[in-house]
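Any value given below was found using the heavy atoms of this structure, including those in side chains, with hydrogens, waters and symmetry copies removed. Just so you know, these numbers come straight off a predicted model, no measurement behind them.
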Amino acid sequence: APISLDRAKAKLERKVKDHKFRRMAGGIEFGVNGTVYVVQTDTASLALIDNVYELAKSNLLENGQVVRMQDNTSPLLTQQQIIDLKLSIGAMLCACTDAHTEREYAIDALADIEACMAFDCASGFPAVPNLA
């Protein structure tokens, strides 16, 4: 059965929001001493990184801290690397939020059902790191 343009737009908005949250949890690439790792950014991992960041920011990790990566390796990060990691994650989260907002504006501008059917909900979001 055909759906109205408003219902089609609402469905797209839900898909964009779902994509944003999947992307936010999809990790980021982060270099440590010449090796690029994928850092997990699911809710539990972000909470751990936030805790370590607070310690690093307060200069309480003089010897650094190991951080578990997607591949289960645990490199030792300096205080500055931990701060840089937190800033990198924050930038990715902001980019996802910006992309979400831009997609919502684009959805609002769709003129018909055909445009809704052709709409790419994932466009404009940061790329997901390669986990290979």
Please identify each residue that fulfils side-chain hydrogen bond (donor to acceptor under 3.5 Å, both in side chains) with Thr73, with sequence neighbours left out.
-> Asp71

Do any pairs count as a salt bridge (Lys or Arg N to Asp or Glu O under 4.0 Å) and have a residue in residues 79-93, sequence neighbours left out, and if so which ones?
-> Asp50-Lys86

Are Asp98 and Phe125 close enough, and set up right, to give a side-chain contact (heavy atoms from CB on, under 4.5 Å), and what steps lead you there?
-> CA-CA 8 Å; Asp98 291 346; Phe125 286 89; over 6 Å; no

Those residues at least two apart in sequence (or on a different chain) that pass side-chain hydrogen bond (donor to acceptor under 3.5 Å, both in side chains) with Gln65 are none

Contact list for residues 20-36, test salt bridge (Lys or Arg N to Asp or Glu O under 4.0 Å), sequence neighbours left out | none

Neighbour count above 12 (heavy atom, 6.0 Å) for Gln80 CD | yes

Which residue pairs pass the salt bridge (Lys or Arg N to Asp or Glu O under 4.0 Å) test when at least one of the two sits in residues 32-43, sequence neighbours left out?
-> none

To the nearest 0.5 Å, what is the distance between NZ (Lys11) and CD (Glu13)?
-> 13.5 Å

Heavy-atom closest pair (Cys121 atom, His19 atom, distance to 0.1 Å) is O-CD2, 4.2 Å

Residues which pass side chain to side chain contact (heavy atoms under 4.5 Å, CB included) with Ser4, listed by chain and number, not counting sequence neighbours | Asp6, Arg7

Kindly give the cluster partners of Leu76, where membership spreads through any ILVMFWY side chain lying under 4.5 Å from a current member.
-> Val66

Cut-off 3.5 Å, no hydrogens considered: what does the side-chain donor-acceptor table look like for residues 101-119, sequence neighbours left out?
| from | atom 1 | to | atom 2 | distance (Å) |
| --- | --- | --- | --- | --- |
| Thr101 | OG1 | Thr97 | O | 3.1 |
| Arg103 | NE | Asp120 | O | 3.4 |
| Arg103 | NH2 | Asp120 | O | 3.1 |
| Glu104 | OE2 | His100 | NE2 | 3.3 |
| Asp112 | OD1 | Glu114 | N | 3.3 |
| Asp112 | OD1 | Ala115 | N | 2.8 |

Applying side-chain hydrogen bond (donor to acceptor under 3.5 Å, both in side chains), name anything that partners Lys57, two or more places apart in sequence or on another chain.
-> Glu54

Heavy atoms only: give me the nearest Gly26-Pro129 pair and the separation to one decimal.
-> O-CD, 3.6 Å

Search all heavy atoms of Thr41 against all heavy atoms of Gly27 and return the closest pair with its distance.
-> OG1-N, 2.8 Å

Which other residues belong to the hydrophobic cluster containing Tyr53, where Ile, Leu, Val, Met, Phe, Trp and Tyr are joined when side-chain heavy atoms lie under 4.5 Å apart, directly or via other members?
-> Phe21, Met24, Ile28, Phe30, Val32, Tyr37, Val39, Leu46, Ile49, Val52, Leu55, Leu60, Leu61, Val67, Met69, Leu77, Ile82, Ile83, Leu85, Leu87, Ile89, Met92, Leu93

For Asn63, side-chain hydrogen bond (donor to acceptor under 3.5 Å, both in side chains) partners two or more places apart | none

If you measure from CG on Leu48 to CZ on Arg68, what distance do you get to the nearest 0.5 Å?
-> 11.0 Å

